[in-house]
Amino acid sequence: MIFEDNYTIPKMVRNSATEFAEVDAQMKRLKNGQFEPVLYRELFQYGLDFGAALLSLGIKRGDPIGLISDNRAEWLNVDLGIMNIGAVDVPRGCDATPNDLEKILSITEAKYCVVENNSQVAKIVSLKDKLSDLKTIISIESEVKQENLDAAKAAGVEVLFYEELMKVGQKWRIENKGKVEEELEKGKGEDLATIIFTSGTTGTPKGVMLTHKNFLAQLDEIPERIYINPGDRALSVLPVWHVFEREVEYVILIQGGAICYSKPIGSILLADFKKLNPHLLPAVPRVFEAVYDGVTKKMRKTGGLVLKLFNFFVGVAKIHKAMQRKMFNQNPCFTAYHPILWWILFILPWSLMWPLYWLGDLLIFRKIKVMLGSNFRVGIAGGGAYPKNIDEFFWAIGVEIVEGYGLTETAPIVAVRPIAAPIYRTIGSPIRGVQARIVDQDGYVLERGQQGILQIKGPTVMKGYFKRPDLTEKVMTVDGWLDTGDLAVFTIHNELQIKGRIKDTIVLRGGENLEPVPIEMKLSESRFIKQAVVLGQDKRYLAALILVDEDEIKNYAAENGIQYDTYENLLTSNGIQSLYEGEIANLISSKNGFKMFERINKFTLITKPFEVGVELSAKQEIMRFRINEIYKKEIENMFIEED
């Protein structure tokens, strides 16, 4: 059914509403912080009601509608309502800048825009002079200041409210029986579902046109890899407008799971874990890094015997699991593999270590797992590179985290490590229906085990960039392959490893090519380094901006008797500078597989945390062009000897 030409997302939701009518589809956050369940039959009706309201406003099939909101239950009602009548949503989060909103709404010529709250109303109204097509704003929240309503009226923009429109839609459905359902039935798989503008790590947002079929094609196999039982709860912390979260929600909805809206903020996330006891957590790698950091910091703060036991048992677990992966062929394989040799070598030490592993699980690991609740089954890491040390830690202690990979242009899933048969440090094989190949810079297909550029072909690949056929041609080959711009390699068993991005590749003055991401990920393994940005394009050597961990630095100063008057002076002190020199040299060294030209020659310590929309994209990827702008002076100083 998924591949039928007339199958759409609203039809999929209709089927789930029939099959799972009395099952929770959402856990809606109330103003008091508690959650209220929304049943599948209710979810479907809400989408029909909002779709009817849009029809009453004169909105037609194919009309673009802005949707500016963060994670909340109403977002899905609005989204389904838009798609129910064949209109096209143009989504973005509340952290979008006025410049971003001006671009996406003006390019799409949107006449209607749904926003979350008062501040978004104000933001859109302030842009009216540049948005000549805009005539109506719909606010999800009713508390909009009178001054913003007056400004909207003066600008010739009508402001409507979600709750009132839902009542209008209910009445319209009574007076026009079956009309919304007729529009829903007209939908086809090739119809445009959304135009998602990439957040742009390069500074140039592009409107990715995705059809219903692009999303639904993935649902042929993903439920086999990420299985959910009806009623299972998934914690939603990704930006709801982003393509990863969007497809995750469809994976949940087709299997009868419940979407629970939370936020990727430590205190809120942990509190929601306790309230909701979820089974799944789809998130960007930084969320899992935050869990890891929280555990290790708590252990170091406790200190004493507890810290020694923690370090000992984690070390034992890593060795035990490493041997187990060798024996059961769970490592990426690039040459012929003979498991019998590893069984002969490891069966005795692996067996002897089992009691120690069991004891570590009893004393340490189970207490960590309690933080994730009694139901927790799996986390799905996507939207960025999943650090090796985080992968190794969770694998060792028995917390299942699988890594996925995709792009907005592939709606987004290309591959995801299966829960039932994970292969360490891979993203699994391409999902059914999706073809992948590795090519060199000249387009020649490479053999397995050879690193090159990943290209994708299949029903998940976008229709193209909105109004930009020139940009579409740049990423699509004449025979229909999408150039991802990512560097990858195939194992002999068809699993993929992602190695970096071509556009991030640094070419030093001596002609050496290197990928900054593996270096940055290695640096971030230090407890004193929250994040690192490696620089050096067209320079003789590499340098790095190092975002420091303030708590760890102050603890280190106290432990080592370093006196200081201000935090800024502490960072420039010889003791702290020497600490970072040692950390960087130890991490980026030949013993860790780095080449001489990949060493970091100079570094600058920075203290301002990176923010989404400033230094980070919505996926929390580093926007290097922004880093170069914000830290221009610091970067120039690190390379001043060359100029």
Side-chain angles (χ1 to χ4, degrees), residues 2-3 189-190 193-194 196 198 201-202 206-222 225-226 242-244 246-248 250-251 332 380 382-386 402-418 423 426-466 468-469 471-491 493-504 619 621:
I2 289 172
F3 290 108
E190 293 297 339
T194 184
I196 299 179
T198 60
T201 56
T202 61
K206 300 182 288 278
V208 179
M209 296 187 290
L210 297 174
T211 67
H212 292 266
K213 186 177 181 180
N214 289 150
F215 287 112
L216 293 170
Q218 299 161 76
L219 301 183
D220 177 47
E221 188 187 357
I222 291 300
R225 300 198 189 190
I226 310 296
H242 192 268
V243 69
F244 181 15
R246 189 157 181 158
E247 183 63 18
V248 161
Y250 301 151
V251 172
I380 302 99
Y386 187 41
V402 297
E403 184 181 9
Y405 164 81
L407 305 91
T408 306
E409 289 85 347
T410 58
I413 304 172
V414 169
V416 62
R417 196 188 300 178
I423 301 299
T426 76
I427 55 170
S429 58
I431 60 173
R432 197 158 47 235
V434 171
Q435 301 175 59
R437 69 183 186 185
I438 308 294
V439 303
D440 64 16
Q441 294 280 4
D442 298 317
Y444 292 104
V445 179
L446 299 175
E447 299 291 329
R448 296 180 186 281
Q450 292 183 291
Q451 180 174 304
I453 304 161
L454 177 62
Q455 294 186 339
I456 302 298
K457 190 176 186 180
T460 64
V461 175
M462 67 173 180
K463 287 186 75 169
Y465 295 119
F466 186 69
R468 293 302 304 267
L471 295 180
T472 305
E473 287 178 13
K474 285 183 179 180
V475 298
M476 298 296 299
T477 66
V478 291
D479 54 346
W481 288 87
L482 171 74
D483 192 321
T484 66
D486 286 314
L487 298 169
V489 61
F490 265 119
T491 71
H493 297 133
N494 208 43
E495 297 99 10
L496 278 165
Q497 279 190 332
I498 304 299
K499 296 293 189 177
R501 284 195 63 75
I502 296 171
K503 69 183 181 184
D504 291 342
K619 292 192 299 180
E621 289 180 320

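Between Ile456 and Ala436, the shortest heavy-atom contact is CD1-CB, 3.7 Å. The minimum heavy-atom distance linking Phe215 with Ala193 is given by the pair CE1-CB, 4.4 Å.
Side-chain contact between Leu496 and Ile438 is present, with heavy atoms from C-beta onward closer than 4.5 Å. Counting heavy atoms from C-beta outward, Glu247 and Leu219 have side chains that approach closer than 4.5 Å. Contact of the Gln218 side chain with the Val416 side chain is not registered, since no non-hydrogen atoms from C-beta on lie closer than 4.5 Å. Leu210 has its side chain within reach of Val243: a pair of non-hydrogen atoms, C-beta onward, lies under 4.5 Å apart. Looking at heavy atoms from C-beta onward, Pro418 lies out of side-chain contact with Glu221 at the 4.5 angstrom threshold. A 4.5 Å side-chain heavy-atom check between Ile222 and Ile413 finds at least one atom pair inside the cut-off. Side chains of Val439 and Asp483 form no contact here, defined as non-hydrogen atoms less than 4.5 Å apart. Glu495 has its side chain out of reach of Pro332: every pair of non-hydrogen atoms, C-beta onward, lies at least 4.5 Å apart.
Expressed to the nearest 0.5 Å, how far CD1 of Ile453 lies from OG1 of Thr484 amounts to 8.0 Å. Taking CD1 from Ile423 and OG1 from Thr491, the interatomic distance works out to 8.0 Å, rounded to the nearest 0.5 Å. Rounding to the nearest 0.5 Å gives a distance of 12.0 Å between NZ of Lys463 and NZ of Lys213. Interatomic distance, CG of Leu454 versus CG of Leu407, reported as 8.0 Å (0.5 Å rounding). Distance OG1/Thr460 to CG/Asp220: 12.0 Å, rounded to 0.5 Å.
For Lys457 (side chain) and Asp479 (main-chain N/O), a donor-acceptor pair under 3.5 Å exists by modelled atom type. Put simply, the side chain of Arg468 never gets that close to the backbone of Lys206: no donor and acceptor are under 3.5 Å apart.
Within the structure, side chain to side chain donor-acceptor pair (under 3.5 Å) contacts touching residues 405-418 (residues at least two apart or in different chains) are Asp391-Arg417, Tyr405-Asp486, Glu409-Tyr465. Sorted by first and then second residue, the pairs that involve residues 437-450 and meet side chain to side chain donor-acceptor pair (under 3.5 Å), not counting sequence neighbours, are Arg437-Gln455, Arg448-Asn494.
Not counting sequence neighbours, the partners of Ala415 by the side-chain contact (heavy atoms from CB on, under 4.5 Å) test are Ile427.
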May I have the step-by-step check of side chain to side chain contact (heavy atoms under 4.5 Å, CB included) for Val461 and Met476, ending in yes or no? CA-CA 10 Å; Val461 175; Met476 298 296 299; 4.0 Å; yes
